[in-house]
Amino acid sequence: MQKYLLYFVVFIFCVLSLRAQETDSLINLLPKQEGETKAKTLNKIGWSLRNSEPREALKYIQEAIDISTKNNFSYELTKSYSFIGVLYRNMGVYTQALENYQNSVDLAMDFGYEDQLGYAYNNFANLYLYQEKPELSVQYLQMVLPIASKLKNEDLLGYAYQNLGRSYLLLNKFDSARFFLEKTLELREQASDFEKIGVTYKYLGDVELEKNSYSKAMEYYKLAQKYSNFEADKDLYSDYCNQLSILYLEKDMLDSALHYATISLNVARVVRSNLRTMRSCEQLAQVFSSLKDYQRAYSYEQLVNNYKDSLYSEQVSKQIASIEFSKEQLKKQSEIELLQRDLRIEELYKKRITFISAFLVILILIGFVALVLFNRNRKKMNRINNQLTQTNQLIEEKNKALKEQSVELEVQANNLQNINNLLEIQYKILEDRQTFITDSINYASRIQKALMPSDDTLGAIFSDFFVLNIPRDIVSGDFYWVYQHQEYIYLAVADSTGHGVSGSFMSVLSISLLNEIINMDSIHQQNLGNILNLLRSKLKSSLGQKSIADNKDGLDISLVKIYKKEFKLEFSGAHNDAYLISGRNIEIIDSQRMPVAISRNEEPFVSTTKTFSAGDKLYLSTDGFQDQVGGVKGRKYFKSAYRDFLVSISVHPLETQKQKLNQELKLWQADKFKQIDDILVLGVQL
């Protein structure tokens, strides 16, 4: 146990050093900034430290509040109150968290900041989850969803879905919890937000753990560890270790349960999170009880009770009740305002009736005077009356027409509703078809991978190797192939025509033909050029290619034959060169500039023989990496840069080279350039 604690101390030291380097750039900017720019930077620094050093983060957020208050930077002030509320929540000071959340809500409503209002409601919901009040959390999240949808704010929508998943988990509604967490995962995968993806996987693991699905829970926890940045989010790391301890305790693996519960407690104390500390102590009490160390179990139970008194105190409950009372008061105030508005409308209506009545009286008086004064002109008056009658009839006709229009509008509204219902049904059908198609393609991907050699197969042949295989879509047109003979090793990397499903069909056909050819009698006495000629012939026959006007589907390929008893290899290729690196020197083994397919410049394939030394490295690849668009100007990576990069990393073990190639690709794409082609690189040590 002392050894584990020593490892933990070293780990925390490294984490703190790395985190300090990440925030230094922002902190160094502060002396050069002023006004709103400085307030924004202070908020960013505080937010970046929220889950690792919340008390240090408080200083930066408080300074941002002072600057924004003095200069009336209302938007940054709204964010600062929201951020500082999160900090107090992380530390378990819920009364302060509630007060600052309320300040954020008030400012957001006063200035009409709808996005900040949504985040504030989400913060209230999250706090109620920490207080284990999921029903209240759901109420606030139902106010977040329309705001996020209106603003098309997928980050806010992701938070709302995730907290709904957590709420339903506390309510033991596992299907609902999983539904909302999977919607969260979909949004965050679309945004490539890896740290938040890790958090979502952790909560999916919690769902499976509550369902006693331990193996599935462990799968999700491993994914959480893969994607999460525990250096920046120690609060999550403490929670993650505590959940692992619960899992191992359920599986009666007491040493592992004690190990992870101890790490969880130590991390919680580093970040001074009362909630995480309480839950870690609670878990340690359970572990020591299972170990029959009842004295230590009792001491941790005492700590749990102390933390519960502060986290779920009467003061916090009263403040929560006060906020709920304020919501009810606001609702009643709205009802009173509506009632007053109705009274004003009624008063205006009465005034209007009085005015009309007075007007009618005047009309009657005028009519009476007119009758007295114009008694002799009754015919004229009769004519006027007839005109009035006609006018009334016209009004009635117009009223009738208006009623008919109203009915027609109602029919149109019903038709629109029917259309909407039909569209919803069609959307569901399309969604189901999309799911079916995606599942089918995923299944096809598994079949395609099964046809290619496994890492175990390559590991049995080569002392060191790597395969970097990144399809543009789920399935790929790129493939690699290996065959071991008593005297030779055959190795191929190929790029089939097309991408996705069409490319994968070509790759499956090509692998089948290579397997058929390599098992033919006397084929090992043939040179590689003849093998490619035979492969081209069989492809043309399979695809029905008889003239240049037919389809030109085929493949580019690098094919190598390694002689086991001699330090030499034979190469033949179509559009795909091979690279042989010895020390820091690279030798390019050129391919022929024609595909394995029908083409205008169709010639026989030939082979080339090269010698090598033990430890030299051979690289075969398709053109996906070198053609990838990226960088500052959005241009291709290019073949020369690709070769230079291979030389620069060739001194490292091949698995490390794979990691560096992957890192270089991500840096080149810079999160703004999509992958344009399948990517495949195979490296082996000779």
Side-chain angles (χ1 to χ4, degrees), residues 447-463 465 467 469 476-497 503-543 545 553-578 580 589 591-592 594-598 602-610 612 618-622 680-684 686:
I447 294 173
Q448 186 184 34
K449 289 176 181 176
L451 290 174
M452 290 189 279
S454 65
D455 287 353
D456 291 339
T457 301
L458 291 171
I461 299 173
F462 298 103
S463 61
F465 73 94
V467 178
N469 187 12
S476 173
D478 290 2
F479 70 89
Y480 58 100
W481 174 83
V482 66
Y483 180 83
Q484 183 169 210
H485 182 259
Q486 293 177 352
E487 299 179 17
Y488 316 107
I489 298 169
Y490 293 89
L491 193 62
V493 166
D495 182 357
S496 305
T497 304
S504 70
F505 280 131
M506 281 296 302
S507 70
V508 170
L509 174 60
S510 300
I511 291 171
S512 300
L513 292 177
L514 280 170
N515 288 332
E516 178 185 333
I517 291 169
I518 206 66
N519 286 296
M520 293 172 63
D521 293 337
S522 303
I523 194 66
H524 302 295
Q525 281 69 49
Q526 299 286 328
N527 65 49
L528 294 187
N530 289 337
I531 291 178
L532 284 190
N533 290 330
L534 185 55
L535 176 62
R536 177 169 59 188
S537 175
K538 287 181 174 293
L539 267 178
K540 288 165 61 176
S541 176
S542 299
L543 298 174
Q545 295 177 345
D553 293 331
L555 65 149
D556 300 335
I557 189 170
S558 298
L559 182 60
V560 176
K561 180 179 181 181
I562 302 171
Y563 291 74
K564 290 184 178 181
K565 298 180 181 179
E566 306 173 54
F567 287 98
K568 73 174 184 178
L569 60 82
E570 184 182 349
F571 172 82
S572 184
H575 280 309
N576 271 12
D577 299 338
L580 182 63
I589 309 177
S591 61
Q592 291 173 257
M594 59 181 176
V596 181
I598 194 165
E602 190 173 321
E603 296 177 359
F605 284 103
V606 298
S607 62
T608 304
T609 302
K610 299 287 181 180
F612 62 84
L618 175 68
Y619 300 88
L620 307 179
S621 59
T622 61
L680 176 58
V681 182
L682 173 64
V684 297
L686 300 173

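Atom set for the values below is all heavy atoms of this structure, side chains included, hydrogens, waters and symmetry mates excluded. Bear in mind the structure is a predicted one, so any value in this text is a computation, not a measurement. The first residue of the sequence shown is numbered 1, and numbering continues consecutively from there.
Counting only distance, with no hydrogens or angles, the side chain of Ser537 and the backbone of Asn533 share no donor-acceptor pair below 3.5 Å. Side chain of Gln592 to backbone of Val606: a donor-acceptor contact under 3.5 angstrom is found. Side-chain atoms of Ser496 come within 3.5 Å of backbone N or O of Gly477 as a donor-acceptor pair. Judged by distance alone, with hydrogens and angles left aside, the side-chain atoms of Glu570 form no donor-acceptor pair with the main-chain N or O of Gly529 at under 3.5 Å. For Asn469 (side chain) and Leu680 (main-chain N/O), no donor-acceptor pair under 3.5 Å exists by modelled atom type. Between the side chain of Gln448 and the backbone N or O of Ser476, at least one donor-acceptor pair lies under 3.5 Å. A donor-acceptor distance shorter than 3.5 angstrom exists from the side chain of Ser558 to the backbone of Asn576, with no hydrogens or angles considered. Ser507 places a side-chain N or O within donor-acceptor distance of the main-chain N or O of Ser504, the cut-off being under 3.5 Å. Of the possible donor and acceptor atoms, one in the side chain of Lys561 sits under 3.5 Å from a partner among the backbone N and O of His524.
Interatomic distance, Leu682 CG to Ser621 OG, rounded to the nearest 0.5 Å: 9.0 Å. If you take CD on Gln526 and CE on Met520, they are separated by 8.5 Å, rounding to the nearest 0.5 Å. The line from CG of Asp478 to OG1 of Thr622 is 3.5 Å long, rounded to the nearest 0.5 Å. The structure places OG of Ser510 at 10.5 Å from CG of Asp495, a figure rounded to the nearest 0.5 Å. The CD1 atom of Ile518 sits 4.0 Å away from atom CH2 of Trp481, with the distance rounded to the nearest 0.5 Å. Taken to the nearest 0.5 Å, the OH atom of Tyr490 stands 7.0 Å off from the CG atom of Leu528.
Lys564 pairs with exactly one of Gln486, His485, Gln484 by the side-chain hydrogen bond (donor to acceptor under 3.5 Å, both in side chains) rule, that one being Gln484. Between Tyr483 and the options Ile489, Asn519, Ile461, Leu514, a side-chain contact (heavy atoms from CB on, under 4.5 Å) holds for only Asn519. Partner of Tyr480 under the side-chain contact (heavy atoms from CB on, under 4.5 Å) criterion, chosen from Leu491, Leu620, Val493: Val493.
Scanning all heavy atoms of the two residues, the minimum distance from Ser572 to Leu532 falls at OG-CD1, 3.3 Å. Shortest non-hydrogen contact noted between Gln545 and Asp553 is NE2-O, 2.7 Å. Across Gly554 and Ala597, no two heavy atoms sit closer than the pair CA-CB, 3.7 Å. The minimum heavy-atom distance between Met594 and Glu603, with the atom names listed, is CE-O, 2.8 Å. Smallest separation of non-hydrogen atoms from Val684 and Phe465: CG1-CB, 4.0 Å.
Other residues, nucleotides and ligands contribute only 12 or fewer heavy atoms inside 6.0 Å of the CZ atom of Phe505.
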inquiry  = Before you tell me yes or no, could you show the steps for Leu559 and Leu535 under side chain to side chain contact (heavy atoms under 4.5 Å, CB included), namely the whole-Å CA-CA distance, both residues' side-chain angles and the distance that decides it to 0.1 Å?
reply    = CA-CA 11 Å; Leu559 182 60; Leu535 176 62; over 6 Å; no
key: Worked check of side chain to side chain contact (heavy atoms under 4.5 Å, CB included) between Leu555 and Phe479   = CA-CA 10 Å; Leu555 65 149; Phe479 70 89; 4.1 Å; yes
task = Quick one: do Ser454 and Thr457 satisfy side chain to side chain donor-acceptor pair (under 3.5 Å)? Show the steps, please.
result = CA-CA 5 Å; Ser454 65; Thr457 301; 3.1 Å; yes
message = Please evaluate residues Phe605 and Ile531 with respect to the criterion side chain to side chain contact (heavy atoms under 4.5 Å, CB included), reporting the C-alpha separation (whole Å), side-chain torsions for both, the decisive distance (0.1 Å), and the verdict.
response = CA-CA 9 Å; Phe605 284 103; Ile531 291 178; over 6 Å; no
ask   = Taking it one step at a time, do Met506 and Leu539 satisfy side chain to side chain contact (heavy atoms under 4.5 Å, CB included)?
value = CA-CA 9 Å; Met506 281 296 302; Leu539 267 178; 4.2 Å; yes
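In this pair, Phe612 and Phe567 present their aromatic rings perpendicular. The plane angle is above 60°, beyond the 30 to 60° band.
In this structure, the side chains of Ile589 and Val560 stay at 4.5 Å or more apart for every pair of heavy atoms. His575 places none of its side-chain heavy atoms less than 4.5 Å from the side chain of Val596.
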